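One structure is given here, and the rest of the page talks about it.
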Amino acid sequence: MDFAVLHDWDLDPRQAVALQRELAQQVRLMPTVAESPATVAGVDVSYEKHGDHFFAAVVVLDFATLNVVDQAWADGWVDFPYIPGLLSFRELPVLLAAFHRLKTVPDVVLVDGQGIAHPRRIGLASHLGLWLNLPTVGCAKSRLCGVHDEPGVMRGEAAPLLLADEVVGMVLRTRERVKPLYVSPGHLTDVASATRLTLACTRRYRMPEPTRLAHHLTNQLRRAALSS
DNA sequence: GCGACAG
DNA sequence: ATCTTGTCGC
């Protein structure tokens with residue numbers, strides 16, 4: 001499975017929404033993900049402001065030490081437009097291409113985006129989880145949908161994210177007095193474990209180490225390609 | 001109809 | 001997401 005194949009979804013936005021409604025039924029929320037996974041991966045994508053050349057990276061860390069144990073990347077061209085709610089149709093293909101080059105299979109994957117905190121309960125993290133058949137967690141920097149109170153200012157404090165009176169995630173403070181993260185389960189996990197895992201992977205920065213490192217790698221790849 | 005709107 | 005320099009606060 002390479003990028004060309006993955007990219008050939010050939011869907012228009014309307015068909016993408018229909019596909020999401022189908023796939024959303026396959027998303028499984030488990031009472032808990034492995035209490036202490038051996039490895040945790042982070043994924044991210046970057047590209048030029050008005051460009052279609054995408055770079056994806058996946059970094060695998062040892063959960064206990066947060067040391068990098070494996071990583072891979074891929075690039076490709078995307079034509080699907082950015083539409084709130086349809087992000088996965090832009091980022092998933094190149095992300096899966098990067099995953100395919102990984103030698104390791106992580107126990108859980110942290111994603112830069114929403115999980116079930118999505119209008120149709122299938123954000124990028126959930127969609128990726130279905131493809132990989134792995135537990136995934138959505139760690140978004142901002143809100144797509146849902147309502148919530150402001151969480152306390154201390155690290156670890158959180159406020160439930162509600163969508164149609166349902167708790168779909170947590171607005172989690174990963175650093176004292178710093179803008180909180182929108183954490184939601186992607187697939188094969190649940191709100192509580194997604195929140196615990198995200199906090200356990202967060203150290204000195206707002207973003208958890210796995211996605212933060214993936215973001216870093218993805219940026220240097222793009223800048224390297226830009227200067228050549 | 002109007003406003004919101006991951007990356 | 002990305003464009004961009006300095007600057008305010010812990």
Side-chain angles (χ1 to χ4, degrees), chain A residues 7 13 16-17 20 23-24 27 42-58 73-96 98 109-130 136-148 153-155 161-164 168-187 191 194 198 202-208 210-227:
Chain A
H7 184 253
V17 168
Q20 285 186 324
L23 294 176
V27 173
V43 300
D44 193 33
V45 172
S46 84
Y47 45 88
E48 296 296 322
K49 188 176 185 178
H50 283 141
D52 56 356
H53 193 186
F54 281 42
F55 294 83
V58 47
W73 66 274
D75 68 328
W77 283 261
V78 177
D79 53 29
F80 199 93
Y82 171 69
I83 298 170
L86 298 180
L87 178 65
S88 58
F89 294 87
R90 272 168 76 77
E91 302 200 345
L92 209 44
V94 68
L95 220 37
L96 290 170
V109 184
L110 266 47
V111 182
D112 212 317
Q114 314 288 351
I116 62 169
H118 176 280
R120 290 168 292 283
R121 308 293 204 278
I122 181 164
L124 177 60
S126 300
H127 205 152
L128 178 65
L130 286 176
T136 53
V137 173
C139 301
K141 296 182 295 300
S142 62
R143 187 190 70 94
L144 171 60
C145 60
V147 295
H148 65 87
V153 299
M154 300 302 289
R155 165 185 162 85
L161 178 61
L162 303 168
L163 223 183
V168 295
M170 288 291 205
V171 182
L172 175 68
R173 194 82 67 178
T174 55
R175 286 201 67 190
E176 192 174 332
R177 263 166 305 213
V178 167
K179 190 179 192 289
L181 247 41
Y182 289 75
V183 179
S184 61
H187 183 50
V191 173
T198 299
T202 305
R203 292 285 179 271
R204 191 162 180 264
Y205 303 91
R206 179 195 180 211
M207 298 302 293
T211 53
R212 195 179 70 80
L213 294 178
H215 185 263
H216 214 216
L217 176 54
T218 213
N219 270 324
Q220 65 185 51
L221 288 169
R222 180 174 54 79
R223 288 155 62 183
L226 185 63
S227 64

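Keep in mind it's a predicted model, so treat the numbers as computed, not measured. Below, read A as the first sequence line, B as the second, and so on, with proteins coming before strands; counting in each chain starts at 1.
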Requested in this report: Using a 4.0 Å heavy-atom cut-off across all strands, classify Gly85(A) as base, sugar-phosphate, or nothing.
Outcome: base
Report task. For Glu91(A) and Ala56(A), indicate whether the former's side chain and the latter's backbone hold a donor-acceptor pair under 3.5 Å. Result -> no
Report summary line: Residues at least two apart in sequence or cross-chain that pass side-chain hydrogen bond (donor to acceptor under 3.5 Å, both in side chains) with Thr202(A), listed by chain then number, are none
Report summary line: Sorted by chain and number, sequence neighbours left out, salt bridge (charged side-chain N to carboxylate O under 4.0 Å, His left out) with Asp44(A) holds for none
**Report entry** Residues forming a salt bridge (charged side-chain N to carboxylate O under 4.0 Å, His left out) with Arg222(A), sequence neighbours excluded
**Finding:** Glu48(A)
Report task. Assign His50(A) to base, sugar-phosphate, or nothing according to its heavy-atom contacts below 4.0 angstrom with the strands shown. Result -> nothing
**Report entry** Nucleotide dT2(C), atom P - distance to OH of Tyr82(A) in whole Å
**Finding:** 13 Å
Report summary line: Stems for DNA chain B (at least 3 consecutive Watson-Crick or G-U pairs, under 3.5 Å) come to none
Query raised in the report: Quick one: which of Leu110(A), Thr136(A), Leu128(A), Asp112(A) gives a side chain to side chain contact (heavy atoms under 4.5 Å, CB included) with Val43(A)?
Result: Leu128(A)
Query raised in the report: Contact class for His215(A) (heavy atom, under 4.0 Å): base, sugar-phosphate, or nothing?
Result: sugar-phosphate
Query raised in the report: For Gln114(A), which contact category applies under a 4.0 Å heavy-atom criterion: base, sugar-phosphate, or nothing?
Result: base
Query - Asn219(A) CG - dA1(C) C1' separation (whole Å) - result: 9 Å
Query raised in the report: On the ring face of Phe80(A), is Arg90(A) found with NZ or CZ under 6.0 Å from the centre and within 45° of the axis?
Result: no
Report summary line: Residues passing the ring-ring contact (aromatic ring centres under 6.0 Å, His included) test with His53(A), sequence neighbours excluded, are Phe55(A), Trp77(A)
Query raised in the report: Reckon Leu86(A) touches a base, only the sugar-phosphate, or nothing at all at heavy-atom distances under 4.0 Å?
Result: base
**Report entry** Full working for side chain to side chain contact (heavy atoms under 4.5 Å, CB included) between Val111(A) and Val137(A)
**Finding:** CA-CA 6 Å; Val111(A) 182; Val137(A) 173; over 6 Å; no
Query raised in the report: Separation of Asp52(A) atom CG from dA1(C) atom C1', in whole Å?
Result: 14 Å
Report task. Between protein and nucleotides 3-10 of chain C, map the contacts as a letter string: B base, S sugar-phosphate only, - none, heavy atoms under 4.0 Å, written 5' to 3'. Result -> B-------
Report task. Would you check if the side chain of Ser184(A) reaches a backbone N or O of Gly115(A) as a donor-acceptor pair within less than 3.5 Å? Result -> yes
Query raised in the report: Tell me, which pairs form a side-chain hydrogen bond (donor to acceptor under 3.5 Å, both in side chains) where one or both residues lie in residues 172-181 of chain A, sequence neighbours left out?
Result: Glu150(A)-Arg173(A)
Query - Partners meeting ring-ring contact (aromatic ring centres under 6.0 Å, His included) with His148(A) (sequence neighbours left out) - result: Tyr182(A)
Report summary line: residues 115-124 of chain A vs side-chain hydrogen bond (donor to acceptor under 3.5 Å, both in side chains), sequence neighbours excluded, gives Gln20(A)-Arg120(A), Arg121(A)-Glu166(A)
Query raised in the report: Which residues satisfy the side-chain hydrogen bond (donor to acceptor under 3.5 Å, both in side chains) test with His187(A), sequence neighbours excluded?
Result: none
Query - Start and end of the DNA chain B segment that chain A contacts, any atom under 4.0 Å from a heavy atom - result: dA4(B) to dG7(B)
Report task. Treat a base pair as Watson-Crick or G-U wobble with both distances under 3.5 Å, then lay out DNA chain C in dot-bracket form, 5' to 3', with | for cross-strand pairs. Result -> ..........
